[in-house]
Enquirer: 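Quick one: the structure is below, questions incoming.
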Amino acid sequence: MTTAIARILSGAAALPPDAWDACAGTANPFVSHAFLTALEESHSVGGHSGWTPAPIVIDGPDGQPAAIAPAYLKAHSQGEYVFDHGWADAWERAGGRYYPKLQIAAPFSPVPGPRLLLRDPALAPALIAAIEAVTDQNELSSAHVTFVAPEQLPYFEAAGWLIREGVQFHWHNDGYASFDDFLDALASRKRKAIRKERAAAVEGLTIRHLTGSEIRSEHWDAFWTFYQDTGRRKWGHPYLTRAAFDRIGERLGDKVLLILAERDGVPIAGALNLIGADTLYGRYWGATEEVPFLHFELCYYQAIDAAIARGLKTVEAGAQGEHKLARGYVPVPTYSAHYIPHPAFRRAVAEFVAREREAIAAESEFLGELTPFRRG
């Protein structure tokens, strides 16, 4: 049996789009060549960002990439949404060096999806072995694969990685023909509350859905203002540069959905979404005017409208947010996989993950009872 040889590239841009996407597929835009190179070329990753692109590639017999891990050397734990700051503190108190670590992820995107990009699925074990080799040979503390698609978990379990669980809130399309059709599935009190919220949120406003060439530079300028405000309040500074939005708009085209709220023709709030094969992914939101319930309207209800209109199965509206429950979004497990070479450090993290998993299971069961859907 021939041993697979892995190589490390300087970024997704080191490969032609067709070669990358032959491995990544087209279902999930966050691992596409277009999205990842938009981050690279806009300097949202690389440079002093703390995200150094280092994709790991295994070629097939035809000399073309057959397996890719979208990997990054990380100098911190920001922009990941699977929090390991406590692990870093514990390891460094013990005299270790946690950073840099190896992160296999879609940067700044808490979106479940493939993290082993496989034109040839038989190469999954070899690609995981290559990730481990990069970690070991460079004496890195750890490797982390975040928001990995559930169907890829068995690869990491077979390799002995630690599996960590989390929870998000997703909306599922049960064949609804309209938003009112969805509301009919809810308990009467919840149905009335949502109708009241929606009416209050849009009073005096115009809501616009823009995709592809409909999104012009002035729309991105407005959204950049919204994004900066949210970024400063939530993360301390925005992760993406202004140029990233131009490149995402240009390269992803009709896979971009920008929802704007306008007052007298002037945008006052916006929500950015990407459209996958069967899922609408809500990513960023912001506003320059405080309007009650407008966040829920743009990020949750308008997203449901858009998903129903497009026949999409799911809306994923980002990380955390128990307030999504009352709006028809239900708890869904998320997963990450972790390779920690040091035996004692691994045991400590394994104990933490086991305790955390029990707490999350109990929380998810409780939250599942709080959904607004009619009983029976």
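Values reported hereafter were calculated over all heavy atoms of this structure, with side chains retained and with hydrogens, waters and symmetry mates removed.
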Enquirer: List the residues meeting side-chain hydrogen bond (donor to acceptor under 3.5 Å, both in side chains) with Tyr301, not counting sequence neighbours, and say none if there are none.
Expert: Glu197, Arg327

Enquirer: Can Trp87 and Phe352 be said to form a side chain to side chain contact (heavy atoms under 4.5 Å, CB included), step by step?
Expert: CA-CA 9 Å; Trp87 303 0; Phe352 170 86; 3.4 Å; yes

Enquirer: I'd like to know whether Tyr99 forms a side chain to side chain contact (heavy atoms under 4.5 Å, CB included) with Ser77, so could you lay out the CA-CA distance, the side-chain angles of the two residues, the decisive distance to 0.1 Å, and finally the verdict.
Expert: CA-CA 9 Å; Tyr99 304 108; Ser77 290; 2.7 Å; yes

Enquirer: With hydrophobic residues grouped by side-chain heavy-atom distances under 4.5 Å, do Ile104 and Tyr98 end up in a single group?
Expert: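 Per the 4.5 Å side-chain linkage, Ile104 and Tyr98 are not co-clustered.
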
Enquirer: Could you list all the salt bridge (Lys or Arg N to Asp or Glu O under 4.0 Å) pairs where at least one residue sits in residues 169-180, not counting sequence neighbours?
Expert: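 For residues 169-180: Asp180-Arg195.
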
Enquirer: Rounded to the nearest 0.5 Å, how far apart are OG of Ser142 and NZ of Lys74?
Expert: 11.0 Å

Enquirer: Tell me the closest heavy-atom pair linking Pro53 and Tyr72, and the distance in Å.
Expert: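 Scanning both residues completely, I find the closest heavy atoms to be CA-CD2, 3.5 Å.
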
Enquirer: May I ask you to decide if the ring planes of Trp220 and Phe223 are parallel, tilted or perpendicular, using 30° and 60° as cut-offs?
Expert: perpendicular

Enquirer: Using the rule that two of Ile, Leu, Val, Met, Phe, Trp, Tyr join whenever any of their side-chain heavy atoms come within less than 4.5 Å, decide whether Leu205 and Phe179 are in one cluster.
Expert: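 Leu205 and Phe179: one cluster.
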
Enquirer: So, do Asp229 and Thr288 sit near enough that their side-chain heavy atoms are less than 4.5 Å apart?
Expert: no

Enquirer: Evaluate whether atom CD of Glu203 has more than 12 neighbouring non-hydrogen atoms of other residues, nucleotides or ligands under 6.0 angstrom away.
Expert: no

Enquirer: Of the options Val57, Leu116, Leu127, which is the one that meets Ile68 in a side chain to side chain contact (heavy atoms under 4.5 Å, CB included)?
Expert: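 Passing option: Val57.
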
Enquirer: Applying side chain to side chain contact (heavy atoms under 4.5 Å, CB included), run through His338 and Val349 and close with a yes or a no.
Expert: CA-CA 9 Å; His338 307 269; Val349 171; 5.7 Å; no

Enquirer: Got Leu140 and Pro100 here, is their nearest side-chain heavy-atom distance under 4.5 Å?
Expert: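 Heavy-atom side-chain distance check passes, below 4.5 Å.
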
Enquirer: Can you tell me how far apart OH (Tyr155) and CD1 (Ile128) are? Round to the nearest 0.5 Å.
Expert: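 The distance works out to 8.5 Å.
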
Enquirer: Salt bridge (Lys or Arg N to Asp or Glu O under 4.0 Å): which pairs involve residues 101-110, sequence neighbours left out?
Expert: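 Those involving residues 101-110 are Glu80-Lys101, Asp84-Lys101.
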
Enquirer: Do Tyr284 and Phe226 have side chains that get closer than 4.5 Å, going by heavy atoms?
Expert: no

Enquirer: Please report the shortest heavy-atom distance between Ala303 and Asn273, naming the atom on each side.
Expert: CB-OD1, 4.5 Å

Enquirer: Listed by chain and number, what are the side-chain hydrogen bond (donor to acceptor under 3.5 Å, both in side chains) partners of Tyr300, not counting sequence neighbours?
Expert: His323

Enquirer: Indicate yes or no for a side-chain donor-acceptor contact from Glu214 to the backbone of Thr211 under 3.5 Å, with no hydrogens or angles considered.
Expert: yes

Enquirer: Are there more than 12 heavy atoms of other residues, nucleotides or ligands under 6.0 Å from atom CD of Glu290?
Expert: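 Open.
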
Enquirer: Carefully, step by step, assess Trp91 and Phe345 under the rule ring pair (Phe, Tyr, Trp, His ring centres under 6.0 Å).
Expert: CA-CA 7 Å; Trp91 186 231; Phe345 188 27; 4.5 Å; yes

Enquirer: State whether Asp221 and Arg242 are salt-bridged, where the test is any N-O pair (Lys NZ or Arg NE/NH1/NH2 against Asp/Glu carboxylate O) under 4.0 Å.
Expert: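 Salt bridge: yes.
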
Enquirer: Run the side chain to side chain contact (heavy atoms under 4.5 Å, CB included) test on Arg191 and Arg374 for me, step by step, so that the C-alpha distance in whole Å, both residues' side-chain angles and the decisive distance to 0.1 Å come before the verdict.
Expert: CA-CA 10 Å; Arg191 191 161 58 239; Arg374 288 193 309 242; 4.1 Å; yes

Enquirer: Which residues pass the side-chain contact (heavy atoms from CB on, under 4.5 Å) test with Ala54, not counting sequence neighbours?
Expert: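 Counting only residues at least two positions away or on another chain, Ala54 forms a side-chain contact (heavy atoms from CB on, under 4.5 Å) with Ile8.
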
Enquirer: Taking C-beta and beyond as the side chain, do Thr37 and Arg251 meet within less than 4.5 Å on heavy atoms?
Expert: yes

Enquirer: Under 3.5 Å, which donor-acceptor pairs do the side chains of residues 252-264 form with other protein atoms, sequence neighbours left out?
Expert:
{"residue": "Glu262", "atom": "OE2", "partner": "Arg208", "partner atom": "NH1", "Å": "2.9"}
{"residue": "Arg263", "atom": "NE", "partner": "Glu289", "partner atom": "OE1", "Å": "3.4"}
{"residue": "Arg263", "atom": "NE", "partner": "Glu289", "partner atom": "OE2", "Å": "3.1"}
{"residue": "Arg263", "atom": "NH2", "partner": "Glu289", "partner atom": "OE2", "Å": "2.7"}

Enquirer: Are the side chains of Val82 and His144 in contact, using a 4.5 Å heavy-atom criterion?
Expert: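 No; the side chains remain at least 4.5 Å from each other.
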
Enquirer: Nearest heavy-atom pair of Ala4 and Ala126: which atoms, and what distance?
Expert: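 Shortest heavy-atom separation between Ala4 and Ala126 comes out as CB-CB, 3.9 Å.
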
Enquirer: Could you report the tightest heavy-atom contact between Phe108 and Ser44, atom names first, then the distance?
Expert: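 That closest heavy-atom pairing would be CZ-O, 3.5 Å.
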
Enquirer: Is there side-chain contact between Asn138 and Leu102, with at least one heavy-atom pair below 4.5 Å?
Expert: no

Enquirer: Taking ring pair (Phe, Tyr, Trp, His ring centres under 6.0 Å) as the test, write out the residues that go with His172, two or more places apart.
Expert: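 His172 satisfies ring pair (Phe, Tyr, Trp, His ring centres under 6.0 Å) with no residue once adjacent residues are dropped.
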
Enquirer: Of all heavy-atom pairs between Ala69 and Ile131, which one has the smallest distance, and what is that distance?
Expert: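 Looking at all heavy atoms of both residues, the closest pair is CB-CD1, 4.0 Å.
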
Enquirer: Could you tabulate the donor-acceptor pairs under 3.5 Å formed by side-chain atoms of residues 161-169, not counting sequence neighbours?
Expert:
{"residue": "Trp161", "atom": "NE1", "partner": "Glu132", "partner atom": "OE2", "Å": "2.7"}
{"residue": "Arg164", "atom": "NE", "partner": "Glu356", "partner atom": "OE1", "Å": "2.7"}
{"residue": "Arg164", "atom": "NE", "partner": "Glu356", "partner atom": "OE2", "Å": "3.4"}
{"residue": "Arg164", "atom": "NH1", "partner": "Phe83", "partner atom": "O", "Å": "2.8"}
{"residue": "Arg164", "atom": "NH2", "partner": "Phe83", "partner atom": "O", "Å": "3.1"}
{"residue": "Arg164", "atom": "NH2", "partner": "Glu356", "partner atom": "OE2", "Å": "2.9"}
{"residue": "Gln168", "atom": "OE1", "partner": "His170", "partner atom": "NE2", "Å": "2.8"}
{"residue": "Gln168", "atom": "NE2", "partner": "Pro110", "partner atom": "O", "Å": "2.8"}

Enquirer: In this structure, would Ile304 and Val111 fall into the same cluster of hydrophobic residues linked by side-chain contacts under 4.5 Å?
Expert: no

Enquirer: Please table the atom pairs, donor to acceptor, closer than 3.5 Å between any side-chain atom in residues 15-27 and protein atoms at least two apart or in another chain.
Expert:
{"residue": "Trp20", "atom": "NE1", "partner": "Val31", "partner atom": "O", "Å": "2.9"}
{"residue": "Asp21", "atom": "OD1", "partner": "His33", "partner atom": "N", "Å": "3.0"}

Enquirer: Ala344: what forms a side-chain contact (heavy atoms from CB on, under 4.5 Å) with it, not counting sequence neighbours?
Expert: His342, Arg347

Enquirer: Going only through I, L, V, M, F, W and Y residues with side-chain contacts under 4.5 Å, is there a path from Leu272 to Leu298?
Expert: no

Enquirer: Compare every heavy atom of Tyr329 with every heavy atom of Cys299, then report the nearest pair and how far apart it is.
Expert: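 So the minimum-distance heavy-atom pair works out to O-OH, 4.1 Å.
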
Enquirer: Among pairs that include at least one residue of residues 104-126, which meet side chain to side chain donor-acceptor pair (under 3.5 Å), considering only residues two or more places apart or in two chains?
Expert: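 For residues 104-126, and leaving out neighbouring residues, the side chain to side chain donor-acceptor pair (under 3.5 Å) pairs sorted by first residue read Asp62-Arg119.
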
Enquirer: Using the rule that Ile, Leu, Val, Met, Phe, Trp and Tyr join whenever any side-chain heavy atoms are under 4.5 Å apart, tell me whether Phe373 and Ile308 fall into a single cluster.
Expert: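 Same cluster: Phe373 reaches Ile308 through Ile, Leu, Val, Met, Phe, Trp or Tyr contacts under 4.5 Å.
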
Enquirer: Look only at the side chain of Thr241 and the backbone of Ser42, and say whether a donor-acceptor pair between them is shorter than 3.5 Å.
Expert: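 Indeed, once roles are kept as given, a pair shorter than 3.5 Å links the two residues.
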
Enquirer: Side-chain contact test, heavy atoms from C-beta onward, threshold under 4.5 Å: evaluate it for His209 versus Ile207 and give yes or no.
Expert: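 Yes. Closest side-chain heavy atoms under 4.5 Å.
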
Enquirer: Taking the six-membered ring for Trp and the single ring otherwise, decide whether the centroids of Phe30 and Phe147 are under 6.0 Å apart.
Expert: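 Phe30 vs Phe147: aromatic centres not under 6.0 Å.
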
Enquirer: Once side-chain contact (heavy atoms from CB on, under 4.5 Å) is applied, do any residues pair with Thr279, and if so which ones, sequence neighbours excluded?
Expert: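 If we apply the side-chain contact (heavy atoms from CB on, under 4.5 Å) test to Thr279, skipping adjacent residues, the hits are Tyr281, Thr314, Glu316.
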
Enquirer: Spell out, as yes or no, whether a donor-acceptor pair under 3.5 Å connects the side chain of Asn173 to the backbone of Phe182.
Expert: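 Side chain of Asn173 to backbone of Phe182: no pair is present.
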
Enquirer: Is there side-chain contact between His76 and Trp51, with heavy atoms separated by less than 4.5 Å?
Expert: yes

Enquirer: Are side-chain N/O atoms of Ser49 and Tyr239 paired as donor and acceptor at under 3.5 Å?
Expert: no

